[in-house]
Structures are given as C-alpha cells and as structure tokens.
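Below is one structure, written out as structure tokens, with a few remarks after it.
Below, read A as the first sequence line, B as the second, and so on, with proteins coming before strands; counting in each chain starts at 1.
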There are 2 protein chains.
Amino acid sequence: MTQGEAPPRPARSRPTMREVAALAGVAIKTVSRVFNDVPTVDPAIVARVREAADQLGYRPNLTASSLRRGDGRTATIGMLVEDAANPFSATLTRTVENVARERGVLVLVGSLDEDPARERELARALVDRRVDGLVIVPAGRDQSYLIAEQNTGTRMVFVDREAGLLDADAVVSENRQGAIAAVNHLLKAGHRRIAYLGDRTAIPTAAQRFDGYRHALEVAHIAYDDEIVRHAGSGEDAAVAATEQVLSLPDPPTALFTSQNFVTIGAVRALHAMGLQHTVAHVGFDDFPLADLLSPGVSVIAQDVVQVGRTAAEMLFRRLDGDESPTRTVTVPTRLIERGSGEIPAKGPGND
Amino acid sequence: MTQGEAPPRPARSRPTMREVAALAGVAIKTVSRVFNDVPTVDPAIVARVREAADQLGYRPNLTASSLRRGDGRTATIGMLVEDAANPFSATLTRTVENVARERGVLVLVGSLDEDPARERELARALVDRRVDGLVIVPAGRDQSYLIAEQNTGTRMVFVDREAGLLDADAVVSENRQGAIAAVNHLLKAGHRRIAYLGDRTAIPTAAQRFDGYRHALEVAHIAYDDEIVRHAGSGEDAAVAATEQVLSLPDPPTALFTSQNFVTIGAVRALHAMGLQHTVAHVGFDDFPLADLLSPGVSVIAQDVVQVGRTAAEMLFRRLDGDESPTRTVTVPTRLIERGSGEIPAKGPGND
DNA sequence: CGACGCTGAGACAACGTTGACTGGGCGAGA
DNA sequence: TCTCGCCCAGTCAACGTTGTCTCAGCGTCG
C-alpha cells in the first residue's frame with residue numbers, strides 16, 4: 001500500500017458546448033454541428049471549435065443529446081444473463097459486445113442468478129436508463145411485464161430460453177435434439193442403464209434436455225427408471241452428491257448423461273473421487289474449458305455459444321434498424337464432441 | 001425456427017410525467033415528488049399518481065433526471081477489462097456488479113483486448129455517457145488522457161495494474177512476491193533449473209512476475225539462463241510451442257514457472273502431449289477452474305480475484321461518497337495452492 | 001378576531017443538447 | 001445594377017426532469 005500525492009480535486013464542473021462556443025466565438029449550435037460532423041460548416045470554424053474543445057477538455061454529453069434527439073437513442077443496450085462470471089454468460093456477453101461495438105453501442109450487464117424478481121427489477125432499471133434494446137437470458141417464465149416496454153419501442157431478444165407470455169424474438173440451442181444425440185451416443189456404446197443428472201426442471205432448457213433423454217430411451221425401448229434420474233439444481237456440490245448416490249445404488253448405471261455445465265463438472269469430480277472415471281461412461285451437455293485435458297477427456301454436446309450470441313445481437317440490431325417482420329425463434333445446432341468419456345463401452349473386456 | 005404472430009408495433013412513444021400528471025389531475029412537479037418519495041405529498045394524491053402511472057405504463061427517464069439533477073449522477077459506472085469472456089475479467093465484472101447492485105448502480109462493460117487505442121476510445125465512450133465512475137484494467141501504460149476527466153469529477157480505480165502518468169487509486173495483486181513464492185516452492189523441491197514462461201513483458205504484471213522469478217533465482221545463487229526463458233504472449237498456442245521448445249533443449253529444465261493463466265494452460269497441454277506431466281514440476285500464476293481435476297493437479301499461485309474486485313468497487317464508491325483522501329494502491333496477497341504438479345521432486349527415485 | 005407561521009402543491013426556469021426556423025451575405029442571372 | 005436564391009451560422013424552443021420560489025389554505029396563538 002503506497003501513498004499518493006496531493007489531492008487536487010477542484011471538482012471543476014465539466015465544460016459544456018456553451019463554454020466551447022464562447023471560447024471559439026461561435027454559437028452553441030455551431031459547436032453542435034461540428035461535433036455531429038455536419039458538412040456545411042466552414043473548415044476554419046471547425047478547426048477553431050475543435051481547438052477550443054480540446055483546450056477545455058470538452059466531451060459531448062450523450063445523455064443530454066439522446067434526450068433532445070429525435071430518435072431518443074442512447075447507443076446503449078442492456079444484457080441480462082444468469083451470472084456474468086460463468087463461462088456461458090461471459091462468452092455470450094463478449095459476443096454481444098463485439099457486435100455492438102461495430103455500431104458504437106455499449107453494453108450494460110446484469111446478473112440474474114435465476115431469480116425472476118431480480119430479472120424484473122434489472123429489466124426496469126435498464127428501461128429507466130432508456131437502453132435501445134435488451135438481450136435477455138430470462139430467469140422467470142413470465143415476461144409479460146415487458147409488453148408495455150415493447151409497445152413503447154424497446155426492442156428485445158431472448159437467448160437460451162424463449163420468452164413466456166410475450167411475443168418476442170429468441171435464439172436457443174437445440175436442447176432436446178442435443179440430449180437425444182447424447183443418449184443415442186451412449187446407447188451405441190452398448191449402454192442400457194443410463195442415468196440422468198440435471199438442473200431443476202423449472203428451468204426450461206433443463207426440462208427440454210430431460211425430455212430428450214426420455215424420448216431417446218423410449219425410442220430404444222428402455223424402461224424409464226426414476227431411481228437413476230436426479231434433478232439436483234445447478235450447484236456443483238449438489239451434482240457431486242447426486243452422482244455419488246446414483247453410482248452407489250445396488251444396480252448402478254453404466255453411463256451418465258449430465259444436462260448442464262456445473263452438473264457435468266460435479267459428476268466428473270464424483271467419478272474421479274470414486275475412481276470410476278474410466279469405468280462409467282459419461283456425456284455432458286455444454287462444453288467447458290479443459291474438458292479435453294482431463295483423463296479421460298469428457299465427451300460433450302457442445303452449444304455454439306458464439307453463434308447464439310452473435311445471432312441474438314444481430315437480430316436485435318436488425319430490429320433497431322427498423323425490421324418489423326414477425327418475431328422468430330432461431331435454433332442453433334449443437335454438436336457432439338468425442339473425447340473418451342462418452343466412448344467407454346458398456347462392459348469392459350472380460351467383465352460380466 | 002418458428003413463426004410468431006402479428007407485428008403490433010404501434011411504436012407509441014413512451015409516456016412522460018406530463019401525461020401522468022394530466023391523467024392524475026396534478027402538476028408535473030407533484031408526479032416528480034411522488035416518484036422521488038418526497039414525504040410531504042398527500043397519501044391520496046400519491047395513490048392517484050401511482051395509479052395513473054401504472055395505467056399508462058410510465059417509467060421515469062433516468063437520463064433526463066440525471067441531466068437536471070444537481071449531482072448529475074447517472075447511477076451507472078463503467079468497467080473496462082481485458083476480455084469480458086475470460087475467467088479473470090468475468091469474475092472481476094461480477095464482483096464489481098455485486099457491490100454496485102447494493103447501491104442501485106448498473107455496470108457498463110467493455111473489453112480492451114490489450115489494445116491501448118481501444119482503451120482510450122472506450123474510456124471516452126463511457127465518459128460521454130457520464131458514468132459516475134470507472135473501474136479499469138488498463139491496456140496501455142499511459143493514462144494521462146484521463147487527467148481532464150479526473151479533474152471534472154469522474155472517479156476512477158485501476159485494477160490489476162496501476163495507472164501510468166496519472167495519480168489514481170489502484171488495487172493490484174502481489175505479483176512479484178507471488179512469483180518469488182512460486183520459484184521458492186520449486187527450489188524447495190530440489191529444482192535448480194527452472195524455466196520461465198510468460199506473457200510479453202510489456203504487460204506490467206508480466207514484468208513484475210518475471211522480476212520476481214529473477215530475484216528468487218538470484219537469492220538462491222542460481223545463474224540466470226535466458227535459454228529457458230520465454231516471453232510468449234498470452235496466446236495458448238504460443239505457450240504450447242514455447243513449452244515444447246524449452247523442454248526439447250539439450251539441457252532441459254526440470255521445472256516450469258508459468259506466469260499467466262493461458263500460458264499455464266498451454267504448458268499443461270504441452271506437458272501432457274509430451275507425456276512429461278508427472279516428470280517436470282510446474283507452478284502457474286493465477287488459478288483456473290478444474291486445475292485440481294487434472295492429473296497431476298496443477299499447483300498455482302492464486303490471486304484473490306473476488307477480493308481484488310470488491311476492494312476496487314468499494315474504493316470507487318467511497319470516492320463517489322466524497323472521500324478526498326490521497327490516492328492509494330492496495331495490494332492483495334496471493335496464495336500458493338499445492339495440487340501435485342509443483343511438488344514433483346527434482347529427480348525421480350532411481351533416475352539419472 | 002386578526003396576524004402569523006406552516007404545510008403542501010403549483011409555476012417557472014434550467015440541465016446540455018438538437019430540430020426548426022431565421023437572417024445576413026454573396027453569387028448568378030436578368 | 002438589381003433581385004432572387006442559396007449557403008451557412010445564429011436564435012429560439014423543446015426533450016423530460018427537478019431545484020427554487022411562490023402562493024393558497026389552514027391552524028394557532030395572542
């Protein structure tokens with residue numbers, strides 16, 4: 001901890017166009033024109049104004065500008081994700097930021113922690129700041145509270161999950177199909193007893209993935225057994241416990257399908273702790289960093305997060321550019337990545 | 001891809017206080033008072049105003065409010081990080097968001113990608129939106145361009161690296177000491193030939209960690225050998241290549257110190273690819289998820305990112321609350337986490 | 001019973017900017 | 001040479017809100 005020097009905080013108030021105008025000897029409006037690159041201003045005056053502005057350290061006030069301006073645009077969008085710190089949300093945020101950046105638009109970020117009340121609260125906070133649009137990974141199942149905002153011109157795109165009770169654009173991953181692909185992959189390796197470990201079914205994506213799991217079993221004529229099905233919630237610890245329980249059953253599964261990032265990691269942890277990582281097959285939904293470096297590598301159904309984020313951002317900006325076509329839900333495909341854990345056969349050579 | 005229904009976009013403009021006032025039969029100022037919880041308003045009138053507001057779907061316009069208001073606060077702060085998608089930045093963002101949230105403040109996020117030009121550009125974009133304060137992980141070494149903003153009342157705290165040519169608060173990790181601890185740990189396991197793999201020394205934290213490495217060797221009376229020192233840049237691929245080169249030398253190191261997240265992961269990848277992960281000792285700077293699940297687990301010098309972020313946010317808000325004390329740099333301690341890779345002894349039993 | 005103070009709501013201007021309009025000066029055409 | 005029109009800078013008001021001031025009404029106290 002080092003000490004700094006004097007505290008010279010004049011707290012001088014920020015210069016305005018008025019002061020720049022006075023120093024340059026022109027009208028305020030002329031300064032405005034210069035900063036808006038209006039071409040009909042005499043180059044000599046432009047130079048004089050810019051010099052005055054630099055000298056004063058003038059920076060235009062975008063909030064005042066957007067207030068007066070016809071379109072009322074703030075060049076800011078809002079982004080509500082589950083948790084800014086988790087890799088999925090972080091990648092999504094960065095992707096949206098990239099698209100926004102090309103248009104000089106900044107991104108306000110908020111984390112919802114799967115709390116619908118917080119979703120409403122933060123959405124309102126964003127609306128109160130008059131963001132031009134919203135990108136939302138919804139926590140709740142009812143977004144009707146946004147109808148009024150939609151009607152007054154706030155554009156919005158939902159990501160990962162569709163909006164409930166609201167007609168809005170959405171970009172989602174192929175959850176059901178992805179889950180089916182995961183289970184089929186395990187079936188192909190000879191497994192007949194495949195456990196499902198997932199998030200609470202209150203979360204739409206979890207419900208869809210669970211649905212895919214059941215469907216794939218049904219098609220394969222395998223009876224559903226809720227002994228080996230756990231909806232543990234998204235905590236890693238809960239997933240560890242659920243995995244250990246399921247694997248300790250008298251008739252344990254020979255394969256696991258985990259339907260969410262943290263659940264997958266929890267399951268991997270449990271498998272390693274029990275020394276079963278090379279015995280029990282495992283496919284997870286959602287890729288994660290270093291999955292390939294573990295031993296065995298963890299096979300996953302990977303979502304194309306970048307594609308999801310980019311699509312959502314592009315849809316939003318198309319709306320902001322005046323697109324009035326009917327709302328759409330775009331589904332982004334998932335992809336199976338084989339890394340070893342999902343290819344462990346049902347019975348080891350020489351085993352029962 | 002499903003089709004939505006009709007496109008009912010009246011694009012009706014948003015209701016204002018004026019309309020609420022008209023509907024409630026009161027003056028605009030009274031509506032203002034109601035929404036600012038001024039206690040001297042008749043409860044009956046409050047009810048009438050709130051009802052009118054709800055009926056119209058009125059939401060206060062914070063940009064107009066902050067324009068007129070005395071303090072000019074926007075209840076928004078700006079956060080500039082290296083890359084919103086990387087775990088360090090993401091955790092930092094989330095932590096700052098948490099502190100801001102308690103005060104009803106929202107966070108604008110921007111990624112700099114280690115580009116000083118982009119830093120200036122984004123900092124200006126934030127200032128133009130009149131954020132109340134800035135939290136910056138600087139990309140460049142010269143922040144003097146912010147002096148004007150500082151003088152006009154924009155508060156700022158630097159994170160991970162101190163500001164250059166600017167007197168400002170900062171929160172940094174114990175980079176040099178951490179590096180020394182890492183090297184000492186390897187020395188204790190008997191290693192005398194310890195490679196350094198790090199980011200470009202243009203990045204201050206990398207320079208400090210490198211400095212710690214050299215210092216620790218010097219104290220141990222080990223000659224510095226730049227054959228086993230690589231400043232690879234932060235790309236994972238570059239780190240893989242550098243690691244492979246160093247380990248392919250005629251006289252290869254018996255231990256690695258990697259001074260940054262991605263470099264560490266690249267080195268792990270290379271060690272695994274060469275089958276040396278149980279032979280060559282390795283300590284990385286900066287923790288990463290799943291480091292404990294690898295085999296061997298990767299020993300690291302962990303930064304307390306949450307502590308760093310929280311401290312920075314709290315310093316910023318203290319400034320915003322009027323703290324005028326001299327600027328400070330707070331150093332947050334790092335911590336060695338032993339997981340196996342750093343404890344591999346210099347010579348395997350029966351070797352050499 | 002009158003004056004005074006207090007309570008609570010409204011009128012007005014202003015925050016920093018830009019849209020709409022105005023007006024002066026100059027060149028071109030008659 | 002005079003007029004018309006154009007070009008460019010300036011004046012004014014307004015965006016949605018709040019700080020300051022005013023004022024009506026009522027209760028209280030002498």
* Along DNA chain C, first and last positions that approach a heavy atom of chain B under 4.0 Å -> C:dG8 to C:dG16
* Asked: For DNA chain C, which residues in residues 18-27 of chain B have a heavy atom at a distance below 4.0 Å?
  -> B:V26, B:A27
* Asked: Are B:E114 and B:R161 close enough for a salt bridge, meaning some N to O gap below 4.0 Å?
  -> yes
* Would you mind reading off the distance between B:I28 atom CD1 and D:dT18 atom P, rounded to a whole angstrom? => 11 Å
* Name the nucleic acid region contacted by A:F35, choosing base, sugar-phosphate or nothing; use a 4.0 angstrom heavy-atom cut-off, strictly under. => nothing
* Do the side-chain N or O atoms of A:T30 get closer than 4.0 angstrom to the phosphate oxygens (OP1, OP2) of D:dG10? -> yes
* Would you mind checking if B:D113 and B:R118 are paired as a salt bridge, meaning a charged N to carboxylate O distance below 4.0 Å? => no
* Take atom CG of B:N61 and atom P of D:dT18, then tell me their distance rounded to the nearest Å. => 9 Å
* Could you tell me whether a side-chain N or O of A:S65 sits under 3.5 Å from a main-chain N or O of A:N61, the two making a donor and an acceptor? => no
* Write down the distance between CG (A:D128) and C1' (D:dT17), rounded to a whole number of angstrom. => 13 Å
* Which residues within residues 38-50 of chain B lie with some heavy atom under 4.0 Å of an atom in DNA chain D? -> none
* Asked: Quick one: do B:R328 and B:D169 make a salt bridge, cutoff under 4.0 Å?
  -> no
* Name the nucleic acid region contacted by B:S65, choosing base, sugar-phosphate or nothing; use a 4.0 angstrom heavy-atom cut-off, strictly under. => sugar-phosphate
* **NZ/NE/NH1/NH2 to OD/OE distance under 4.0 Å, A:E149 and B:R14** => yes
* Can you tell me the distance, in whole Å, between the OH atom of B:Y58 and the C1' atom of D:dT17? => 8 Å
* Considering all heavy atoms, the nearest B:L106-A:L108 contact -> CB-CD2, 3.7 Å
* Between the two ends of the helix from C:dC1-D:dG30 to C:dA30-D:dT1, what is the bend in degrees, rounded to 10 degrees, where each end axis spans five pairs? -> 60°
* To do: Give, for atom CG of A:L80 and atom CZ of A:F158, the distance between the pair rounded to the nearest 0.5 Å.
  => 9.0 Å
* Does the distance from a Lys or Arg side-chain N to an Asp or Glu carboxylate O, for A:D115 and A:R120, drop under 4.0 Å? -> no
* Determine the minimum heavy-atom distance between A:R319 and A:S325, stating which atoms define it. => NH1-O, 2.6 Å
N/O donor to acceptor pairs below 3.5 angstrom from side-chain atoms of residues 47-55 of chain B, sequence neighbours left out:
residue: B:R48; atom: NH1; partner: B:A24; partner atom: O; Å: 2.5
residue: B:R50; atom: NH2; partner: B:V34; partner atom: O; Å: 3.4

* Asked: Just checking B:T16: base, sugar-phosphate only, or nothing, at a heavy-atom cut-off of under 4.0 Å?
  -> sugar-phosphate
* Count the heavy atoms of every other residue, nucleotide or ligand shown that sit under 6.0 Å from CZ of A:R103, and state whether that count exceeds 12. => yes
* Asked: Does a salt bridge link B:R155 with B:D132, judged by any charged N lying under 4.0 Å from a carboxylate O?
  -> no
* So which heavy atom on A:E162 is nearest to which on A:A170, and how close? -> CG-CB, 4.0 Å
* Quick one: do the A:N86 and A:S89 side chains pair a donor with an acceptor below 3.5 Å? -> yes
* Which whole-number value in Å describes the distance from A:D71 CG to D:dA14 P? -> 20 Å
* A:L122 side chain reached by A:E119 side chain, heavy atoms, under 4.5 Å -> no
Dump the pairs, protein N or O against N or O of nucleotides 24-28 of chain D, anything under 3.5 Å, distances to one decimal.
none

* Considering only heavy atoms from C-beta outward, does the side chain of A:V107 approach that of B:V109 to under 4.5 Å? -> no
